[in-house]
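Below: the structure, in structure tokens.
Chain identifiers are assigned alphabetically (A, B, ...) following the order of the sequence lines, protein sequences preceding nucleic acid strands; residue numbering begins at 1 within each chain.
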Amino acid sequence: MAPVVKIGSLPSYIEQTVMLEGWLYNKRSSGKIQFLQLRDGTGLVQCVAVKSEVGDEVFAECASLTQESSVRVEGVVRADERAPSGVELVVQRVEPVQIAQEYPITLKEHGVDFLMDHRHLWLRVPKQAALMRIRAHIQRAITEYLDGQGFTRVDPPILTPSSCEDTTELFQTTYFDEEAYLTQSGQMYMEAAAMSLGKVYSAGPCFRAEKSKTRRHLIEFWMVEPEMAYVEHEENLRVQESLVSHVVTHVLNHCEEELRTLNRDISALAKVPGTFPRMSYDEAIAWLQKKGFDIKWGDDFGAPHETELAGQFSQPVFIERYPTELKAFYMQPDPNRPEVVLCADMLAPEGYGEIIGGSQRIHDYDLMKQRFAQHKLPEDTYDWYLDLRRFGSVPHSGFGLGLERTVAWIAGIEHIREAIGFPRTLYRLYP
RNA sequence: UCCUCGAUAGCUCAGCGGUAGAGCAUCCGGCUGUUAACCGGAGGGUCGUAGGUUCGAAUCCUACUCGGGGAGCCA
């Protein structure tokens with residue numbers, strides 16, 4: 001019995017007899033020769049069955065295989081310059097595992113709606129598989145980096161009693177006799193954990209019931225939220241640029257094949273690692289005004305503004321110190337200019353928009369209490385959050401990195417929905 | 001919520017007032033080096049739903065349903 005090996009490792013089995021276990025990606029045939037394109041999750045290889053060599057029975061078995069049929073194939077590995085991957089398998093024996101019915105996703109074009117309805121099958125095509133691998137590598141690079149920097153992963157709850165901000169965008173559910181909501185951010189819990197462990201992060205799903213229909217939005221998305229005690233604004237930004245640089249470098253080093261499958265412009269990614277450019281909100285407004293945009297100090301940026309701002313740079317850019325009024329209640333005011341907060345958004349280049357939002361948090365009890373009143377937040381549900389300012393409060397900072405936006409940018413895809421296995425988009429809960 | 005575009009064969013689309021079409025997929029036949037293989041043949045349709053205009057509607061009008069893209073908001 002020939003050893004079972006993975007397609008990705010075939011180059012080290014030249015002239016040996018091996019068994020492959022996979023699925024038929026495509027088949028081309030003539031009267032007396034068939035080319036079976038087999039995939040197994042590690043790669044794609046062409047298996048050649050010649051009628052005069054394998055005999056009528058095996059040849060007929062090959063002919064019976066339909067697109068996406070599962071099959072074991074035994075044969076001899078052969079180096080061949082005509083093969084895209086440099087190797088082929090000369091078929092000796094095939095063992096159909098299951099003959100697939102007429103497969104819905106052909107090698108031709110399909111519309112978004114159809115593909116989304118068949119997401120469970122769409123994942124099998126090389127491009128989607130490459131995206132899942134890149135996503136996994138990005139997650140690995142993130143946790144590798146943070147773990148290496150002394151962060152401790154702490155998992156916040158998914159079911160929460162109330163929101164971090166306002167409640168209109170929350171998915172409501174019940175918790176026995178109480179109202180409960182699906183989390184839209186683990187940040188407040190991370191602040192609590194940081195007061196115990198110093199540097200912490202979470203990496204998990206967030207849910208926002210926003211009626212957003214754009215290529216940058218998902219209803220359920222994954223966010224990485226580091227939080228650091230005794231860390232102020234400046235260091236917060238350095239951690240962010242260092243993390244993102246590490247992630248991009250990791251993908252460049254580990255996902256060359258996947259990036260090629262996706263036709264990603266690798267030279268653009270290679271320019272990313274390093275120190276990122278910065279603009280203050282003030283500078284950004286002035287720059288936009290000079291460009292002819294009708295915008296004044298105190299206005300928030302829209303998508304066209306962000307695209308224009310990020311378009312100046314080949315690296316992600318920080319836009320920092322936004323007006324206090326525009327930002328979340330927990331953000332620390334700049335001590336020299338209380339009308340702005342010590343925050344920054346990181347905008348990805350090439351028009352991918354915001355991938356990180358972060359800030360230094362308010363650590364003063366009285367100021368936080370005042371913000372609660374201004375934002376009419378119910379003190380009973382947030383009392384534990386105020387406790388963090390009652391018992392050994394320290395300056396601290398953190399940020400949230402949108403995983404799918406980061407994947408979409410690094411992979412160079414058009415739409416964020418392909419950056420997650422089973423996307424939840426507006427009005428789509430299937431499959 | 002608003003703006004905008006769309007819905008015709010299993011899929012991608014053409015047809016835009018006068019007999020329902022093509023490519024791919026499927027099935028049959030041919031082909032010993034194919035690369036989304038190719039060549040020949042066959043089957044396949046309540047033209048999203050409901051109403052209206054008209055001698056006649058896939059085509060024009062209205063409403064609805066479902067979906068795409070975008071805005072706001074955000075990661």
On a heavy-atom basis, which atom in A:A344 and which in A:L237 lie closest, and how many Å separate them?
CB-CD2, 3.5 Å
If you compare all heavy atoms of A:E88 against all heavy atoms of A:A83, which two are closest, and at what distance to 0.1 Å?
CG-CB, 3.6 Å
Under a 4.0 Å N-O cut-off, is there an ion pair linking [X] with [Y]?
X      : Y      : result
A:D113 : A:R428 : yes
A:R208 : A:E169 : no
A:E235 : A:R238 : no
A:K127 : A:E418 : yes
A:R93  : A:E61  : no

Under 4.0 Å, counting only non-hydrogen atoms across every strand here, what does [X] touch: a base, just sugar-phosphate, or nothing?
X      : answer
A:S52  : base
A:F114 : sugar-phosphate
A:Y427 : sugar-phosphate
A:Q67  : nothing
A:L401 : nothing

Counting only distance, no hydrogens or angles, is the base of B:rU34 paired donor-acceptor with the side chain of A:Q34 under 3.5 Å?
no
Tell me whether the side-chain N or O atoms of A:R417 pair up with the base of B:rG69 as donor and acceptor below 3.5 Å, since no angle test is needed here.
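Between B:rG69 and A:R417, which were checked side chain against base, a qualifying N/O pair under 3.5 Å is absent.
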Nearest-neighbour nucleotide for the [X] side chain, [options] considered:
X      : options                : result
A:E102 : B:rC11, B:rA25, B:rA36 : B:rA25
A:M223 : B:rA75, B:rU32, B:rG67 : B:rA75
A:I416 : B:rU12, B:rA75, B:rG33 : B:rA75
A:D113 : B:rG67, B:rG68, B:rG33 : B:rG67

With rounding to the closest Å, how many angstrom separate the [atom1] atoms on [N] and [M]?
N      : M      : atom1 : answer
B:rC13 : B:rG18 : C1'   : 23 Å
B:rG45 : B:rA9  : P     : 10 Å
B:rC61 : B:rA22 : C1'   : 30 Å
B:rC64 : B:rG6  : C1'   : 16 Å
B:rG67 : B:rC27 : C1'   : 32 Å
B:rG44 : B:rU32 : C1'   : 33 Å
B:rG43 : B:rG10 : C1'   : 13 Å
B:rU26 : B:rU59 : P     : 33 Å

Using the six-membered ring for Trp and the full ring for Phe, Tyr or His, decide whether A:F221 stacks on the six-membered base ring of B:rA75 (centres under 5.5 Å, planes under 30°).
yes
Under 6.0 Å between ring centres: does that hold for [X] and [Y]?
X      : Y      : value
A:F313 : A:F276 : no
A:W297 : A:Y281 : yes
A:W384 : A:Y189 : yes

Could you tell me how the ring of A:H118 sits relative to the ring of A:F114: parallel (under 30°), tilted (30 to 60°) or perpendicular (over 60°)?
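A:H118 vs A:F114 ring planes: tilted.
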Please map the stems of RNA chain B, keeping only stretches of three or more Watson-Crick or G-U wobble pairs with both distances under 3.5 angstrom.
B:1-7 with B:65-71, B:10-13 with B:21-24, B:26-30 with B:38-42, B:48-52 with B:60-64
Sidechain-backbone polar pair: A:S245 side chain, A:G274 backbone, donor-acceptor under 3.5 Å
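Yes.
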Expected output: side-chain A:R405 to main-chain A:I416 donor-acceptor under 3.5 Å:
no
Side-chain H-bond candidate by donor/acceptor type, A:R119 with A:Q128, under 3.5 Å:
yes
Will you find, in the side chains of A:H137 and A:E258, an N or O donor that is under 3.5 Å from an N or O acceptor?
no
Could you check A:L107 against A:L218 and say which one's nearest nucleotide on RNA chain B is further toward the 5' end?
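In this pair, the answer is A:L107.
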Which whole-number value in Å describes the distance from [X] [atom1] to [N] [atom2]?
X      : N      : atom1 : atom2 : result
A:K27  : B:rA25 : NZ    : P     : 12 Å
A:W222 : B:rC74 : CH2   : P     : 24 Å
A:I33  : B:rU34 : CD1   : C1'   : 8 Å
A:Y330 : B:rC74 : OH    : C1'   : 11 Å
A:D80  : B:rU34 : CG    : P     : 12 Å
A:H415 : B:rG69 : NE2   : C1'   : 8 Å
A:R82  : B:rG33 : CZ    : P     : 9 Å
A:R428 : B:rU65 : CZ    : C1'   : 15 Å

I need the residues from residues 54-66 of chain A with at least one non-hydrogen atom less than 4.0 Å from RNA chain B; give them sorted by number, or say none.
none
Short of 4.0 Å, heavy atom to strand atom, which residues of residues 94-101 of chain A count as contacting RNA chain B?
none
Once rounded to the nearest 0.5 Å, what's the spacing between atom NE2 of A:H246 and atom OG1 of A:T249?
8.0 Å
Enumerate the protein-to-nucleotides 38-46 of chain B contacts in which both atoms are nitrogen or oxygen and the separation is below 3.5 Å.
none

For A:E210, all residues meeting salt bridge (Lys or Arg N to Asp or Glu O under 4.0 Å), sequence neighbours excluded
none
With a cut-off of 6.0 Å (strictly less than), are more than 12 heavy atoms of other residues, nucleotides or ligands near CD of A:E57?
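No, because the 6.0 Å sphere around CD of A:E57 holds 12 heavy atoms or fewer from other groups.
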Got more than 12 heavy atoms from elsewhere within 6.0 Å of CD, A:Q172?
yes
What N/O pairs connect the protein and nucleotides 71-73 of chain B at under 3.5 Å? Give each pair on its own line.
unit_1	atom_1	unit_2	atom_2	d
B:rA71	OP2	A:R216	NH2	3.3
B:rA71	N6	A:K211	O	3.2
B:rG72	O6	A:S212	OG	3.2
B:rG72	N1	A:K211	O	3.3
B:rC73	O2'	A:E169	OE2	3.4
B:rC73	O2	A:E210	OE1	3.3
B:rC73	O2	A:S212	OG	3.3
B:rC73	N3	A:H217	NE2	3.0
B:rC73	N4	A:R216	NH2	3.4

